[in-house]
S.K.: 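My questions all concern the structure below.
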2 protein chains.
Amino acid sequence: MTAEHTATLDDVARAAGVSRATASRVVTGQGPASQHSRDRVTAAVAALGYVPDASARALVTRTGTRLAIAVIGHTAAVLDDPYVGRVLTSAAHVAAEREVGVSLHWLPLHDPGSLARLADGRGLGGLVVVNPTRPALDTVPRSLRGRVAAVGVGTRHVPSFDVDNRSGTDGVVRHLVRSGRSRIAMVTGPSWLPCGDRAVEAYRKVLHDSGGEPRVVPGDFTAIRGAKAAIEIMARWPDTDAVFALSDLTALGVLDGLHALGVRVPGDVAVAGFDDITFAGLSRPGLTTSTHPVEEIAAAAARAVLDRRDTSGATFYPSALVVRDSA
Amino acid sequence: MTAEHTATLDDVARAAGVSRATASRVVTGQGPASQHSRDRVTAAVAALGYVPDASARALVTRTGTRLAIAVIGHTAAVLDDPYVGRVLTSAAHVAAEREVGVSLHWLPLHDPGSLARLADGRGLGGLVVVNPTRPALDTVPRSLRGRVAAVGVGTRHVPSFDVDNRSGTDGVVRHLVRSGRSRIAMVTGPSWLPCGDRAVEAYRKVLHDSGGEPRVVPGDFTAIRGAKAAIEIMARWPDTDAVFALSDLTALGVLDGLHALGVRVPGDVAVAGFDDITFAGLSRPGLTTSTHPVEEIAAAAARAVLDRRDTSGATFYPSALVVRDSA
DNA sequence: CCCACACATGGAAGCGCTTCCACCGCAATA
DNA sequence: TATTGCGGTGGAAGCGCTTCCATGTGTGGG
């Protein structure tokens, strides 16, 4: 009851009748230990409510006590993206359970050294790279081996977690086709982001299957770009009857651009986005989109890093169509 | 160049020709030190690029290495509020500079002990309480004295940082009056949140000055509640010609509710919000609102905690009217 | 001229933990 | 029975830092 003095590993060892070394082995799960002492230590841990001191552990294992979230982008403004906010929130939530904190960093797209510099300092326990590029991921120092994960499409070397853009896009574009649209344009993500490629592929495939011709305009996941893209699209292909943007933010911008042009949605042109952000349901017309389990993805990435799990390889999370008014 | 081995305090002491004790005193700024050794150590620190190991320091000072962000609310859903996301992002950014991480926690509104429990564990270097209640703030254990700050209106005991709701509200409501509205309703924040009181006061004052009668409906900062509030308001006071919500999210909901009712905005009813979130500019009609420098406020709170500054007392940040289409 | 007192300083202890290493007893092999 | 091997174990070192304490140094007053 009156804890007052937080239990230390010494207390646990004493209570279990073993040495501190053995207690440590049991608690960390590293090294040999007989079933008998394993049981006794586990019991003592529970009885005393022992929680390892993260600082002490970090000190000796030379492993930081912080999970860094690094976002790659042209400017520091990427940090303000609601998507990043969701990643951060979810990661912070997971980290909190492990008595670990998270910190947020911007990695300039054209400064490959920045990641190495970030990872160089002490105190870094793990790294989650958001929207990584190949070159960036290649500069991760080996001191962080096994403690790096990617949110978005990564490389073979680090576990990566992403939404299934391919089937998500497929679902949305098919929906557009089903509802009678055939001249469908697409606003992509930034060209340097590999995850967009799969989406574009899927879009091309559906269009090919349905006999439409692809109309692709580059985007950057921002709303402003969406508005401009809408204007571009309508100027270039005036008969366009649907626009699919690989980001709700961009789709909202498209809505804006179309509105400025006097084009009715969904009357003249249907609009669909991707991500299902909160505001997709609050825009007028309500945005048809595809879900993006960002929180789940970020939590998985954080856990992979924190647990030093060897989950190399890519994991894709399903995306589901959400039909509202815009398409 | 080839750092390889991160400099330790020992290296600094050796380079400066003093003992580790003296070097520590200079680096931390605690304890006496002659100007001479002060200079030599500072030079050595710069030359070696020394950065104190947060874990080691935390271990001995028995002070955590993590800045906890605690949000009070009925359910854990408060953590998904974009406002919290902005606070977290900004705090994480500030913390990163100090080699510190942040973690996110939900404090059940009716479980006063939860804050104490959170602060009890080791590894907690500081605490920022978002939207604190008096009782919650009173349970902060003394072990955290001087390392707690509030985002929102706090108590006399901890430094608090908030937007100037009073003048912000004043600005918005006055704008409504100026543009010819006189039957203005207000959707407040949660009743247990003291910050809302000042806003309601300001609203009442403007209405009193302009001869209007107050129409207050309780809100909770969510969009759904906004939609319901809109319906409530129009049912209770059908001649209402303006609605002011103390949150953009709620205002967006009001827009939705009004739309469902077939009420035109701003034709029939003007709508104004508070916060100026990203989506305030993307809704249709664009939301008239008042700015809320959340990032600046959160950064100030984080800094106050991290620097153990004795900034007790409340600091209010100015809010500025942003006129768009909705009012 | 000497004592007291401040200030500056270095030695050393120790924060809570992991991990190397030497050691023990026991079964399997020779 | 004498060796080897091996899983289990505790002692002890040490991670990088702060801080207590005893030990110098220099000043002013008696």
S.K.: When you measure from the side-chain N and O atoms of A/Thr22 to the phosphate of D/dG10, is any distance below 4.0 Å, counting only OP1 and OP2?
M.R.: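 Indeed, a polar side-chain atom of A/Thr22 lies that close.
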S.K.: At under 4.0 Å between heavy atoms, what does B/Ala33 touch on the DNA or RNA strands: base, sugar-phosphate, or nothing?
M.R.: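 The answer is sugar-phosphate, as B/Ala33 gets under 4.0 Å only of primed atoms, P, OP1 or OP2.
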S.K.: Assign B/Ser55 to base, sugar-phosphate, or nothing according to its heavy-atom contacts below 4.0 angstrom with the strands shown.
M.R.: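 It contacts nothing in the nucleic acid.
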S.K.: Would you mind reading off the distance between B/Asp11 atom CG and D/dC15 atom P, rounded to a whole angstrom?
M.R.: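 Value for this atom pair: 11 Å.
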S.K.: Return the nearest nucleotide to the side chain of B/Ser37; candidates are D/dT18, C/dT9, D/dT9.
M.R.: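 It is C/dT9.
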S.K.: Using the side-chain heavy atoms of B/Arg20, tell me which of these nucleotides is nearest: D/dG16, D/dT18, D/dG10.
M.R.: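 In terms of side-chain proximity for B/Arg20, the closest of D/dG16, D/dT18, D/dG10 is D/dT18.
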S.K.: Do NZ/NE/NH1/NH2 and the carboxylate oxygens of B/Arg98 and B/Asp307 come within less than 4.0 Å?
M.R.: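 A salt bridge links B/Arg98 with B/Asp307.
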S.K.: Side chains of B/Thr63 and B/Arg147 only: does a donor on one sit below 3.5 Å from an acceptor on the other?
M.R.: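 Side chains of B/Thr63 and B/Arg147: pair found under 3.5 Å.
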S.K.: Please give, in whole Å, the distance from C/dG16 C1' to B/Asp53 CG?
M.R.: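 These atoms are roughly 14 Å apart.
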S.K.: In this structure, how many angstroms lie between the C1' atom of D/dG8 and the NE2 atom of A/His36, rounded?
M.R.: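 It is 13 Å, rounded to the nearest whole Å.
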S.K.: Looking only at side-chain atoms of B/Arg57, point me to the closest of D/dC17, D/dT19, D/dG10.
M.R.: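 So the nucleotide nearest the side chain must be D/dC17.
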S.K.: Does the ring center of A/His74 lie less than 6.0 Å from the ring center of A/His110?
M.R.: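 When the ring centroids of A/His74 and A/His110 are compared, they turn out to be within the sub-6.0 Å range.
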S.K.: Send over the distance from A/Asp39 CG to D/dG8 C1', rounded to a whole Å.
M.R.: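 Going from A/Asp39 (CG) to D/dG8 (C1'), I get 15 Å.
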S.K.: Output the single nucleotide from C/dC20, D/dT18, C/dC17 whose closest atom is nearest the side chain of B/Val60.
M.R.: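 Nearest to the side-chain atoms of B/Val60, counting from C-beta on, is D/dT18.
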S.K.: Under 4.0 Å between a side-chain N or O of B/Arg62 and OP1 or OP2 of C/dC15?
M.R.: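 Indeed not, no polar side-chain atom of B/Arg62 lies that close.
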S.K.: Could you tell me whether the phosphate oxygens of C/dC17, OP1 or OP2, come under 4.0 Å of any side-chain nitrogen or oxygen in A/Thr8?
M.R.: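 So the side-chain polar atoms of A/Thr8 do come within 4.0 Å of the phosphate oxygens OP1 or OP2 of C/dC17, strictly under.
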S.K.: Using heavy-atom distances to pick each residue's nearest nucleotide on DNA chain C, tell me which of B/Gln35 and B/Leu59 is more 5'.
M.R.: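 Closest to the 5' end, via its nearest nucleotide, is B/Gln35.
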S.K.: Select one nucleotide: of C/dT9, C/dC21, C/dC17, the one nearest the side-chain heavy atoms of B/Pro32.
M.R.: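 Of the candidates, C/dT9 comes closest.
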S.K.: Rounded to whole Å, how long is the line connecting atom CD of B/Gln30 with atom P of D/dT19?
M.R.: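 Roughly 7 Å, once rounded to whole Å.
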S.K.: Heavy atoms, side chains only, cut-off 4.5 Å: are A/Thr65 and B/Arg66 in contact?
M.R.: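 Sidechains of B/Arg66 and A/Thr65: no contact.
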S.K.: Compare the minimum distances between each of D/dT19, C/dT18, D/dC17 and the side chain of B/Leu9, then state the nucleotide with the smallest one.
M.R.: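 The answer is D/dC17.
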S.K.: What nucleotide among D/dG10, C/dA8, D/dT19 has an atom nearest to a side-chain atom of A/Val18?
M.R.: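 So the side chain of A/Val18 is nearest to D/dG10.
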S.K.: Aromatic contact between A/His292 and A/Tyr83, with the criterion being ring centroids under 6.0 Å apart: yes or no?
M.R.: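 Yes - the distance between ring centres of A/His292 and A/Tyr83 falls below the 6.0 Å cut-off.
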S.K.: Rounded to whole Å, please give me the gap between CZ in B/Arg14 and P in D/dG16.
M.R.: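 In whole Å, D/dG16 P lies 11 Å from B/Arg14 CZ.
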S.K.: Counting the atoms with a prime plus P, OP1 and OP2 as sugar-phosphate, which does A/Ala21 contact under 4.0 Å by heavy atoms, base, sugar-phosphate, or nothing?
M.R.: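 Base contact - A/Ala21 has a heavy atom under 4.0 Å of at least one base atom.
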S.K.: For the pair made of CG in B/Leu48 and C1' in D/dG16, what is the distance, rounded to whole Å?
M.R.: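 Those two atoms, CG and C1', are 15 Å apart.
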S.K.: To the nearest Å, how far apart are B/Arg25 CZ and D/dT19 P?
M.R.: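 In whole Å, D/dT19 P lies 10 Å from B/Arg25 CZ.
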S.K.: Report the distance from atom CD of A/Glu99 to atom OG of B/Ser103, rounding to the nearest 0.5 Å.
M.R.: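 So the gap between those two atoms works out to 8.5 Å.
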S.K.: Just checking A/Ser34: base, sugar-phosphate only, or nothing, at a heavy-atom cut-off of under 4.0 Å?
M.R.: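 It contacts sugar-phosphate atoms only.
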